Amino acid sequence: MSLPLVTLLTDFGHSDVYVGVMKGVMLTLNPQVQFVDLSHQVPPQDCRTASFQLVQALPYFPPETVHLVVVDPGVGTSRRAIALKLAQGYCVGPDNGVFSHVLQHYPVEAVVELNRPQFWHQQTPSATFHGRDMFAPVAAHLTAGVPLATLGSALDPSRLVRLPQLDYRLTVEGVQGWVQAIDHFGNVITTLPAALLQGRQGIVEIADQRLSVVKTYGDRPLGTCIALVGSHGFIEVAVTGGSAQHHLGCRNGDPVWLR
């Protein structure tokens with residue numbers, strides 16, 4: 001039997017002990033847990049980027065994996081703490097939009113609000129660190145076989161928070177999408193899927209630039225701004241040998257067009 005697996009996705013960085021403390025809480029409850037750190041460099045409080053990164057990783061893990069996401073600008077407020085079950089595994093974290101892409105692409109089998117303190121690290125959780133006091137212990141309990149329904153009250157998946165502008169819309173002027181993530185290289189990833197091209201050459205318009213879609217980063221000289229289909233299956237904008245984010249001044253959520 002394979003050992004239980006937890007992935008971690010946070011905006012905590014590596015300068016502080018927060019990630020290590022969450023792992024310690026989980027290991028105390030289940031010493032057999034294995035960890036995979038997806039990233040701890042999500043831009044601070046950027047739920048949109050966290051949502052995109054999670055859905056990119058999800059299909060590459062065993063189906064019983066627990067995916068723990070702690071990007072939580074509303075920690076300590078009335079925003080709900082949740083855990084959900086998919087055919088692809090479990091997700092644990094705040095109901096603030098970090099699971100928007102997952103909800104868009106995968107059917108939810110069940111979701112609960114984490115409102116049962118007996119499964120937390122302490123009965124009165126810190127108002128600033130639910131990752132330690134609620135999410136990490138719940139993730140560990142799931143790896144130990146505690147049923148999802150035992151951990152909280154059932155919720156209607158349709159009532160979970162979903163971030164706006166994660167899709168695209170067809171208009172008489174073309175297809176409008178939005179920037180949904182910007183990666184470490186400064187590549188600007190749009191919500192426009194490759195299927196929209198249908199094998200044809202397209203023109204991407206973003207930040208007053210008109211860019212032909214090419215196949216690889218090496219198809220143009222260094223310093224050239226280009227559009228291409230990334231490994232994630234979406235059209236992205238890049239600068240060969242540079243940063244499209246810096247070149248264009250783009251931000252997450254900015255509009256983009258495919259003509």
Side-chain angles (χ1 to χ4, degrees), residues 7 9-11 13-14 36-61 69 71 97-98 100-102 104-106 162-259:
T7 75
L9 178 65
T10 79
D11 58 355
H14 295 287
V36 173
D37 297 283
L38 296 179
S39 176
H40 300 296
Q41 300 299 134
V42 174
Q45 305 173 0
D46 188 343
C47 299
R48 191 175 174 90
T49 294
S51 174
F52 176 79
Q53 292 191 351
L54 175 63
V55 81
Q56 295 307 306
L58 195 71
Y60 299 103
F61 285 88
V69 182
V71 177
V98 293
S100 296
H101 281 85
V102 168
Q104 184 179 22
H105 293 285
Y106 294 98
R162 288 168 169 80
L163 300 173
Q165 300 176 342
L166 296 183
D167 209 340
Y168 60 89
R169 64 187 186 97
L170 303 176
T171 77
V172 295
E173 300 175 353
V175 185
Q176 183 182 17
W178 291 270
V179 176
Q180 65 176 327
I182 299 172
D183 72 11
H184 167 75
F185 297 100
N187 297 327
V188 176
I189 303 163
T190 77
T191 61
L192 301 170
L196 291 173
L197 294 171
Q198 297 180 336
R200 297 173 295 184
Q201 183 68 37
I203 299 295
V204 172
E205 294 184 5
I206 184 171
D208 297 323
Q209 298 275 327
R210 287 176 56 87
L211 309 169
S212 297
V213 179
V214 300
K215 186 175 182 181
T216 73
Y217 299 115
D219 284 351
R220 295 290 185 272
L222 286 176
T224 304
C225 193
I226 60 173
L228 74 166
V229 176
S231 62
H232 37 65
F234 294 95
I235 296 172
E236 66 178 46
V237 176
V239 169
T240 56
S243 166
Q245 179 186 23
H246 294 157
H247 180 76
L248 300 173
C250 287
R251 296 183 299 176
N252 213 328
D254 282 356
V256 58
W257 290 85
L258 177 65
R259 311 288 190 187

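Note that the coordinates shown come from a computational prediction; the quantities given were computed from them, not determined experimentally.
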Q | Any side-chain heavy-atom pair of V204 and V213 under 4.5 Å | A | yes
Q.
Contact between D167 and Q104 at the side-chain level, heavy atoms closer than 4.5 Å - yes or no?
A. yes
(Q) Check whether T224 reaches the backbone of T240 with its side chain - one donor and one acceptor, N or O, closer than 3.5 Å. (A) no
Q) Ignoring hydrogens and geometry, is there a side-chain-to-backbone donor-acceptor pair from R259 to E173 under 3.5 Å? A) yes
Q) So which heavy atom on C250 is nearest to which on I206, and how close? A) SG-CD1, 3.6 Å
Q. Any side-chain heavy atom of Y106 sitting closer than 4.5 Å to one from V55?
A. yes
Q) About how many Å separate CH2 of W178 and OG1 of T191, when rounded to the nearest 0.5 Å? A) 6.5 Å
Q.
Tell me if the CZ atom of F234 is crowded by more than 12 foreign heavy atoms within 6.0 Å.
A. yes
**Q.** Distance-only donor-acceptor check, side chains H101 and Q53, under 3.5 Å
**A.** no
Q.
Please give me the minimum heavy-atom distance between L166 and S100, naming the atom from each residue.
A. CD1-CB, 3.4 Å
**Q.** Contact summary for L9 and A50, nearest pair of heavy atoms
**A.** CD2-O, 3.4 Å
**Q.** Pairing residues for F185 by the ring-ring contact (aromatic ring centres under 6.0 Å, His included) criterion, not counting sequence neighbours
**A.** none
